[in-house]
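Scope of the values below: all heavy atoms of this structure, side chains included, with no hydrogens, waters or symmetry mates.
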Amino acid sequence: MEKGLTYTSQTTVCKGNTALTLGSGDMEVFATPALVALMENAAMNAVKPYLPKDSTTVGAMIQTTHLKPTALGDTVLVTATLLEVEGRKLTFSVVASDSQGKIGEGTHIRYVVDRNKFMEKLTSR
């Protein structure tokens with residue numbers, strides 16, 4: 001897996017992903033939890049085609065800043081860029097924008113895991 005891999009995920013702000021609906025605030029603007037999910041989605045998809053068979057990635061840490069609100073009907077784009085590969089640890093830069101410009105940015109860490117071994121941990125508790 002090479003540094004520099006990128007992927008852009010997008011969504012349209014609708015009632016289902018507002019702060020009011022998700023409970024993270026009381027206004028109908030794009031919710032921070034929805035922004036975080038979109039950031040994780042972009043990072044996951046940036047490396048998905050390059051993973052070993054039966055592997056996936058799981059999110060472990062995200063440090064983000066949600067800088068500006070986004071209104072209903074606007075489109076949010078998040079681009080994830082793979083910055084560093086340390087064994088199974090993947091570090092990404094994530095940048096979010098809407099029609100008005102940058103609305104958020106951060107760093108996201110994911111780990112490559114074997115799907116079956118990961119799920120087995122849930123049943124062995």
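Of all heavy-atom pairs between Thr21 and Gly16, the closest is CG2-O, 3.9 Å. Considering every non-hydrogen atom in both Met1 and Val112, the closest pair reads CE-CG2, 4.4 Å. Closest approach of Thr12 and Gly73 over heavy atoms only: CG2-O, 3.8 Å.
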Could you pull out all donor-acceptor pairs under 3.5 Å where a side-chain atom in residues 47-54 meets a protein atom, sequence neighbours excluded?
none

Please report, to 0.1 Å, the donor-acceptor pairs under 3.5 Å made by any side chain of residues 2-9, with sequence neighbours excluded.
| from | atom 1 | to | atom 2 | distance (Å) |
| --- | --- | --- | --- | --- |
| Thr8 | OG1 | Thr79 | OG1 | 2.7 |
| Ser9 | OG | Asn41 | OD1 | 2.6 |
| Ser9 | OG | Ala42 | N | 3.3 |

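Distance check, rounded to the nearest 0.5 Å: CG of Leu67 to OG of Ser97 gives 11.5 Å. Interatomic distance, Asn45 CG to Thr57 OG1, rounded to the nearest 0.5 Å: 8.5 Å. The distance from the NZ atom of Lys121 to the CG atom of Asn116 is 12.5 Å, given to the nearest 0.5 Å. From Ser93, atom OG reaches atom CG of Leu83 across 5.0 Å, with rounding to the nearest 0.5 Å. Remark: Lys89 NZ to Glu84 CD distance equals 7.0 Å, nearest 0.5 Å. Annotation: the span from His66 atom NE2 to Thr32 atom OG1 amounts to 4.5 Å, rounded to 0.5 Å.
No continuous path of hydrophobic side-chain contacts links Met44 to Leu90 [ILVMFWY only; heavy atoms under 4.5 Å]. Connection of Ile103 to Leu38 is established within a shared hydrophobic cluster, with ILVMFWY side chains joined at heavy-atom distances below 4.5 Å, either directly or through further cluster members. In the hydrophobic clustering of this structure, Leu82 does not group with Val95; members are Ile, Leu, Val, Met, Phe, Trp, Tyr whose side-chain heavy atoms approach within less than 4.5 Å, directly or through other members. No path of Ile, Leu, Val, Met, Phe, Trp and Tyr side chains, each step under 4.5 Å between heavy atoms, connects Ile62 with Val113, placing them in separate hydrophobic clusters. Taking hydrophobic clusters as Ile, Leu, Val, Met, Phe, Trp and Tyr residues chained together by side-chain heavy-atom distances below 4.5 Å, Val58 shares a cluster with Leu122.
Phe30 places none of its side-chain heavy atoms less than 4.5 Å from the side chain of Asp74.
Here the rule is side chain to side chain contact (heavy atoms under 4.5 Å, CB included) with Val13, and of Leu72, Asp98, Val29 only Leu72 fits it.
Thr64 contributes a side-chain N or O that, together with a main-chain N or O of Glu105, makes up a donor-acceptor pair within less than 3.5 Å. Side chain of His108 to backbone of Met61: a donor-acceptor contact under 3.5 angstrom is found. Here the side chain of Thr107 pairs no donor or acceptor atom with the backbone of Gln63 at under 3.5 angstrom.
Within a 6.0 Å radius of CE in Met27, other residues, nucleotides and ligands contribute 12 heavy atoms or fewer.
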Practice task
For the pair Leu35 and Val78, evaluate side-chain contact (heavy atoms from CB on, under 4.5 Å) and give the outcome as yes or no after the intermediate values.
Solution key: CA-CA 8 Å; Leu35 176 62; Val78 172; 4.1 Å; yes
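A salt bridge is defined here as a Lys NZ or Arg NE, NH1 or NH2 lying under 4.0 Å from an Asp or Glu carboxylate O, and Glu40 with Arg110 meets this definition.
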